[in-house]
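The structure follows.
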Amino acid sequence: MKHKIFRYFFLIAAMVVLLPLTAFSQESMKKISGTVRDSGNEPVYGATVSIQGTRTGVTTDADGKFSLNVPASKAVTLEFQCLGYETLVK
């Protein structure tokens, strides 16, 4: 009997924690893409493009290109970082 009660309690607790996460994950997203270039207009390989204040980010490819999904409902600030360059926030 105790195991059944514990199992139901655990199931309800998991639902309370996980249901808000599913609602957040269904938020509409938009894609931001571009090319990171240096002052000489050369593509920057391996630069990190991230949403400031989050752990969401991507790395540029060999042509300096990136594509990042961001929430459509709010403005975001992007942070561009690469070894040997100053960090740029836009």
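One-based numbering along the sequence shown. None of the values given here were measured: they were computed from a predicted structure.
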Mind checking the OG1-CD spacing from T48 to Q81? Nearest 0.5 Å is all I need. 6.0 Å

Contact summary for V70 and I51, nearest pair of heavy atoms: CG1-CD1, 3.5 Å

Does T59 reach the main-chain N or O of G46 with its side chain, forming a donor-acceptor pair under 3.5 Å? no

Counting distance only, does the side-chain N/O of D63 pair as donor-acceptor with the main-chain N or O of K65 below 3.5 Å? no

Between T87 and E79, does a side-chain contact (heavy atoms from CB on, under 4.5 Å) hold up when you go through it step by step? CA-CA 7 Å; T87 299; E79 189 171 87; 3.7 Å; yes

Under 4.5 Å between any side-chain heavy atoms of V49 and V36, yes or no? yes

Beyond-backbone contact of K31 with M29, side-chain heavy atoms, under 4.5 angstrom: no

For F66 and I32, run side-chain contact (heavy atoms from CB on, under 4.5 Å): C-alpha distance rounded to whole Å, both residues' side-chain angles, the deciding distance at 0.1 Å, then the answer. CA-CA 8 Å; F66 71 93; I32 295 178; 4.3 Å; yes

Heavy-atom distance under 4.5 Å between the side chains of N69 and K30, does that happen here? no

State, with a plain yes or no, whether a side-chain heavy atom of T56 is found less than 4.5 Å away from one of L68. yes

Set out, in order, the CA-CA distance, both residues' side-chain angles and the distance that settles side-chain contact (heavy atoms from CB on, under 4.5 Å) for Q52 and V76, then state yes or no. CA-CA 7 Å; Q52 190 176 38; V76 296; over 6 Å; no

Between T77 and K90 (side chain of the first, backbone of the second, donor and acceptor by atom type, cut-off under 3.5 Å), is there such a pair? no

Can you tell if the side chain of Y45 reaches within under 4.5 Å of the side chain of D61, non-hydrogen atoms only? no

